There are 2 protein chains.
Amino acid sequence: MDTRTPAPESSPWLPFESRRRARDEKREAVLRTAVQLFLEQGYHRATLNEVADRLNITKPALYNYFRSKEDILFECWVMGQERVEDRISEIESAHENGLATLRMLVHAYAATMASDFGASLVRFNVADLSEPNQKITLAGKRRIDRAFRNAIKQGIADHSIKPCDVKLTAFAILGALNWIGHWYKPGGELSPDQIADDFAIRLTADIAKRPDKKPSEKKATKPVRKRSTR
Amino acid sequence: MDTRTPAPESSPWLPFESRRRARDEKREAVLRTAVQLFLEQGYHRATLNEVADRLNITKPALYNYFRSKEDILFECWVMGQERVEDRISEIESAHENGLATLRMLVHAYAATMASDFGASLVRFNVADLSEPNQKITLAGKRRIDRAFRNAIKQGIADHSIKPCDVKLTAFAILGALNWIGHWYKPGGELSPDQIADDFAIRLTADIAKRPDKKPSEKKATKPVRKRSTR
DNA sequence: ACTTTTTATTACCCTTGGGTAATATACGCA
DNA sequence: TGCGTATATTACCCAAGGGTAATAAAAAGT
């Protein structure tokens, strides 16, 4: 006999929802721990036992949430990819001119690279993924690449960006950005947002039609925030 | 039973070929094969059995030249590092002004990144090396970094380069360069030397005191060769 | 309270692949 | 032609670690 008042909030599928949420939270906790360990030690040197240890559980418990170690790796990558793609969508739907769009992309991507899941986009080895997952990651990388190239192309078309080789320009910019995932360590002199601000100008200075002021020499003046990251 | 793939022409163990070669040549042949395999499949997925197979020998034979798999990985890294440092020494001893030095550094480093041993500098995971070898690689990376930063500093001092944040500028340039090691595949539209030519200008355009012409838009006109790589 | 479902644990399996011991073969040299 | 050395092979060891089966504990449902 159910003695609870059947208030709208306590409808039969609400407990189910909250339980699902708890499960998702645990899933994400696993990913957060795993991505850190993978970044610290590399995917292969990191063991599932150690992931489990850090979560105060045991290895087989992980298999309630993931099918395999590779699955965990892939999901880490997905987390980073989703963040980036969400921001890209936002930025593109703002319909600014090419240069402004490019700078927002640089800013967003730079900030993401300074996070664990963001770094996982470039620090992990595609060869460690299953064949189908490799395809997915490759498609994702292409979408990011295309976003940058489109912004550059559009900028050339709308005359906010000087004519340039789109492909190489995108490579150069993305390279500088991806590298952040390798050198950034929390607690340095610059916050992710400061780095993002700087790079948004720095990496577009040479192709901008009306050259902006370059980032100040010694971060003396705070660069203009184009947009908050979150 | 014999699943050996046909040996590459470069293998000193080619059947019926003279096996009497200098020890160092064989050592290097191992490294060339290993670095390729490591780049293709990743260090951990690549097995010493497969390295040996490609050389038409068996795994234990490798231990005549190297103490361990990790040793091979490290020596691959050393090969790339030596090339870069040799070029840096040459360039620095030319005593040009800061901007010219920086451009030569960019050119040399870009070209190296488009080679197997060069790519190994950025594609391999430091965590896969022994503690002492990690120290060595770290020191090497620092020397490269310092070379770039010194060139920038000098350029600011001799007024060939605009005042800028030296550290972030170096990070941005090195990032774009390191990324080459990830996207460059032989047989593309651009040769390593063409890429190097382009990047030497592209990555320094925004900080050069007297801005050069940027690389042409569509590689329609062949970029001016600043200097041959070898 | 009793049952069912979810989540965790203990104990184990088993493949993979780096590394080694014993041994054979080729080579350089008298 | 035989000896010493360098180099290679065959056969094997074994630790590491991903993954699973059996089962216990906890939570949810009734």
Side-chain angles (χ1 to χ4, degrees), chain A residues 1-6 10-30 33-34 37-38 41-75 127-130 133, chain B residues 1-4 7 11-30 33-34 37-38 41-75 127-130 133:
Chain A
M1 192 55 97
D2 188 359
T3 59
R4 285 178 297 177
T5 318
S10 59
S11 56
W13 28 268
L14 225 162
F16 175 77
E17 270 302 310
S18 82
R19 220 169 68 157
R20 197 181 64 75
R21 208 178 19 248
R23 188 184 163 80
D24 283 353
E25 270 175 39
K26 288 185 190 170
R27 229 183 103 95
E28 221 183 287
V30 172
T33 304
L37 210 66
F38 292 170
Q41 314 190 347
Y43 173 65
H44 288 276
R45 299 186 69 84
T47 71
L48 290 187
N49 271 320
E50 192 166 349
V51 173
D53 271 358
R54 290 200 183 183
L55 291 161
N56 290 318
I57 55 176
T58 57
K59 181 175 60 174
L62 297 174
Y63 286 81
N64 277 315
Y65 306 99
F66 301 94
R67 279 193 301 279
S68 65
K69 190 187 185 186
E70 189 261 328
D71 190 24
I72 295 177
L73 181 70
F74 177 67
E75 292 298 331
D128 291 327
L129 295 171
S130 69
N133 284 345
Chain B
M1 200 46 156
D2 188 0
T3 56
R4 286 179 185 182
S11 169
W13 288 277
L14 264 176
F16 307 119
E17 279 302 296
S18 163
R19 298 194 156 186
R20 306 163 48 206
R21 296 278 180 111
R23 191 184 159 78
D24 283 351
E25 271 178 41
K26 291 186 187 170
R27 229 184 102 94
E28 220 182 288
V30 173
T33 304
L37 209 68
F38 292 171
Q41 314 190 346
Y43 173 66
H44 287 277
R45 297 186 72 82
T47 72
L48 291 186
N49 271 321
E50 193 166 349
V51 173
D53 271 359
R54 289 201 183 183
L55 292 161
N56 289 318
I57 56 175
T58 57
K59 180 176 60 174
L62 297 174
Y63 284 81
N64 278 315
Y65 306 99
F66 300 94
R67 280 193 298 280
S68 66
K69 190 186 185 187
E70 189 260 326
D71 191 23
I72 295 178
L73 181 70
F74 176 66
E75 291 299 330
D128 290 327
L129 295 172
S130 68
N133 284 345

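Computed over heavy atoms, backbone and side chain alike; hydrogens, waters and symmetry mates excluded. What you see is a predicted model; the values in this text were computed from it and never measured.
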Nucleotide nearest [X] when distance is taken to its side chain, options [options]:
X       : options               : answer
A/Pro60 : D/dG18, D/dT10, C/dT9 : C/dT9
B/Lys26 : D/dT7, D/dG18, D/dT20 : D/dT7
A/Leu48 : D/dG18, C/dT7, C/dG18 : D/dG18

Interatomic distance where [atom1] belongs to [X] and [atom2] belongs to [N] [whole Å]:
X       : N      : atom1 : atom2 : result
B/His44 : C/dT16 : NE2   : P     : 17 Å
B/Arg27 : D/dT7  : CZ    : P     : 12 Å
B/Ile72 : C/dG19 : CD1   : C1'   : 12 Å
B/Arg45 : D/dG18 : CZ    : P     : 13 Å
B/Glu50 : C/dT16 : CD    : P     : 14 Å
A/Tyr63 : D/dG19 : OH    : P     : 4 Å
A/Lys69 : C/dT15 : NZ    : P     : 19 Å
B/Leu55 : D/dA8  : CG    : P     : 10 Å

When you measure from the side-chain N and O atoms of [X] to the phosphate of [N], is any distance below 4.0 Å, counting only OP1 and OP2?
X       : N      : value
B/Asn64 : D/dA8  : yes
B/Arg23 : D/dA6  : no
A/Thr58 : C/dT9  : yes
B/Tyr43 : C/dG18 : no

ask   = Quick check: does any side chain N or O of A/Asp71 sit under 3.5 Å from a backbone N or O of A/Arg67, one acting as donor and the other as acceptor?
value = yes

query = Donor-acceptor pair, B/Glu50 side chain versus B/Leu37 backbone, under 3.5 Å?
reply =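 No: the side chain of B/Glu50 does not pair with the backbone of B/Leu37.
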
query = Does NZ or CZ of A/Lys69 fall inside the cone over A/Tyr43's six-membered ring, less than 6.0 Å from its centre and within 45° of the axis?
reply = yes

key: Student check: side-chain heavy atoms of B/Thr47 and B/Gln41 closer than 4.5 Å   =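 SC-SC contact between B/Thr47 and B/Gln41 ruled out.
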
Note, A/Ile72 side chain near A/Leu48 side chain (heavy atom, < 4.5 Å) = yes

ask   = With a 3.5 Å cut-off and just heavy-atom distances, do the side chain of B/Lys59 and the base of C/dG19 make a donor-acceptor pair?
value = yes

Touch class at under 4.0 angstrom, heavy-atom based, for A/Phe66 against every strand present = nothing

task = For B/Ala46, answer base if it contacts any base atom (sugar-phosphate contacts may also be present), sugar-phosphate if it contacts only those atoms, and nothing otherwise; contact means non-hydrogen atoms under 4.0 Å.
result =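 Sugar-phosphate contact only.
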
request  = Let me know, please, whether B/Ala61 or A/Ser68 comes out on the 5' side of the other along DNA chain D by nearest nucleotide.
outcome  =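 So the residue in question is B/Ala61.
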
